[in-house]
Amino acid sequence: MSSESSMANADGNCLGWAARDASGVLSPYTFNRRDVHDDDVSIKITHCGVCYAEVIWPKNKHGDATYPMVPGHEIVGIVQEVGPNVHRFEVGDHVGVGTYSNSCRDCEYCNDGLEVYCDKGAVLTYNRFDYDGTITHGGFSTFTVVHERYCFKIPKDYPLASAAPLLCAGITVYSPMMDHKMNKPGKSLGVIGLGGLGHMAVKFGKAFGLKVTVFSTSMSKKDEALTVLGADNFVVSSDEDQMKALAKSLDFIVDTASGDHPFDLYMSLLKTAGVLVLVGAPSEIKLSPMSLLIGKRSITGSASGGTKQIQEMLNFCAAHQIYPNIEVVPIQYVNEAIERLIKKDVKYRFVVDIGNSLK
């Protein structure tokens with residue numbers, strides 16, 4: 001084991017930044033990672049993305065927080081040790097870990113490579129109890145140890161900092177787009193919201209050859225959507241005339257908005273048999289049954305993705321040179337980054353430079 005993962009002191013072998021209470025404020029924290037087991041990979045973390053989960057769980061928005069809590073579930077780094085049964089990875093590989101780090105590995109969903117929907121519940125990468133009774137800690141830390149099944153190879157020519165947001169924001173939109181065959185050139189896609197998830201949906205949509213329309217509450221994002229991200233159309237969702245002009249024009253909609261918003265209006269924009277996929281988390285969904293019955297439209301949800309699709313997505317992004325728009329910050333700035341995230345003051349994902357700032 002490397003010096004980083006084997007060093008020990010009275011407090012533990014791993015240095016991280018943790019929240020101690022519902023204020024969500026993170027500060028240095030030393031804890032123990034488990035030893036490398038036969039099927040495990042030990043990863044020296046170089047970068048970790050900042051997701052809205054870093055608002056929800058450290059601040060105990062769901063009432064299920066366990067403190068101290070080391071957040072971060074968009075983890076990338078370099079393999080520093082592998083267990084004797086591991087053959088897919090070797091020391092020096094560039095790898096990533098996403099939103100979950102364990103599952104039962106025996107149910108129908110795990111057997112189909114859909115571990116995120118594990119019957120017993122996927123073990124989230126942080127703020128969850130693992131099967132051995134220990135609490136999981138995330139990627140705002142110097143290293144991690146994970147079963148090889150939940151570790152993904154990142155092509156060597158793909159920048160590690162850019163890979164981090166793919167492990168949550170990227171797969172969260174890629175998975176439903178593939179599941180609902182939103183990768184057919186010439187089809188039309190609507191993207192609601194232009195944040196961390198939304199900007200990735202635009203990038204995937206363009207890579208798939210779709211005609212992409214971005215819906216936003218803010219006109220200030222128009223230039224960014226059209227000129228930087230390459231969307232074909234931009235609509236301010238509060239403009240009734242613009243919205244009505246798009247009636248029955250879209251094959252698909254990816255809804256990334258977490259604020260409450262009207263669903264009937266967006267459903268009316270879908271063609272016959274069109275699909276709206278919800279990946280954001282508004283407090284409620286209200287719509288008329290007629291929005292579904294007339295036009296054979298459907299609304300569905302999706303959460304992250306299975307291990308097969310995560311690796312597929314990473315390979316796709318490398319092959320097509322798809323890179324998230326990121327702002328790299330040191331760990332010492334992480335609390336400010338989270339506050340800026342709450343204010344939507346980021347284009348479009350913060351990535352913490354763990355390797356150069358967490359010492």
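Worth knowing before you read on, the calculation uses all heavy atoms, side chains too, and leaves out hydrogens, waters and symmetry mates.
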May I ask you to decide if [Y]'s main-chain N or O and [X]'s side chain share a donor-acceptor pair within less than 3.5 Å?
X: T300; Y: V277; value: no
X: H180; Y: M177; value: no
X: S357; Y: D353; value: yes
X: N325; Y: H199; value: no
X: R20; Y: S27; value: yes
X: K44; Y: Q80; value: no
X: N60; Y: A65; value: yes
X: R349; Y: E327; value: no
X: D260; Y: S283; value: yes
X: S101; Y: G98; value: no

Is [Y] close to [X] at the side-chain level, that is, under 4.5 Å between some pair of heavy atoms?
X: I253; Y: L270; value: yes
X: M178; Y: M182; value: no
X: T213; Y: V235; value: yes
X: H47; Y: V76; value: yes
X: K271; Y: S188; value: yes
X: F252; Y: K187; value: yes
X: T99; Y: H73; value: yes
X: F350; Y: R340; value: yes

What heavy-atom pair brings [X] and [Y] nearest, and what distance separates the two atoms?
X: Y131; Y: G121; result: OH-O, 3.9 Å
X: V70; Y: F140; result: CG1-O, 3.5 Å
X: I43; Y: C151; result: CD1-SG, 4.0 Å
X: A19; Y: Y67; result: O-CD2, 3.4 Å
X: G96; Y: I154; result: N-CD1, 3.8 Å
X: V214; Y: A231; result: CG2-CB, 3.8 Å

Checklist entry - Just checking, is any N or O donor in the side chain of T272 or R297 under 3.5 Å from an acceptor N or O on the other one? => result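 No pair is found: no donor N or O on one side chain lies under 3.5 Å from an acceptor on the other.
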
Charged N-O contact under 4.0 Å between [X] and [Y]:
X: D232; Y: K211; result: no
X: E115; Y: R105; result: no
X: D64; Y: R128; result: yes
X: E339; Y: K344; result: no
X: D40; Y: R34; result: yes
X: E224; Y: K222; result: no
X: E54; Y: K59; result: no

Next on the checklist: Return the NE2 to CD1 distance between H62 and I56, rounded to the nearest 0.5 Å.
Outcome noted: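 Output value for this atom pair is 4.5 Å.
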
Checklist outcome for this item: Interatomic distance, OG1@T307 vs CG@L114, rounded to 0.5 Å, equals 8.0 Å

Next on the checklist: Tell me whether Y117 at atom OH has more than 12 heavy atoms from other residues, nucleotides or ligands lying less than 6.0 Å away.
Outcome noted: yes

Next on the checklist: Atom NZ of residue position K359 - does it have more than 12 heavy atoms of other residues, nucleotides or ligands inside 6.0 Å?
Outcome noted: yes

Checklist entry - Is Y100 reachable from I135 through a run of I, L, V, M, F, W or Y residues, each pair having side-chain heavy atoms under 4.5 Å apart? => result no

Could you tell me if the ring centre of [X] sits under 6.0 Å from that of [Y]?
X: F31; Y: H137; result: yes
X: F316; Y: F208; result: yes
X: Y323; Y: Y158; result: yes
X: F215; Y: Y266; result: yes

Item to check | Step-by-step side chain to side chain donor-acceptor pair (under 3.5 Å) determination, S218 to S216 | outcome: CA-CA 5 Å; S218 173; S216 177; 5.1 Å; no

Checklist entry - Step by step, would you call S291 with D264 a side chain to side chain donor-acceptor pair (under 3.5 Å)? => result CA-CA 6 Å; S291 290; D264 287 310; 2.4 Å; yes

Checklist entry - Looking at I354, N335, V352, which one forms a side chain to side chain contact (heavy atoms under 4.5 Å, CB included) with W17? => result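 That would be N335; it is the only one of I354, N335, V352 passing the side chain to side chain contact (heavy atoms under 4.5 Å, CB included) with W17.
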
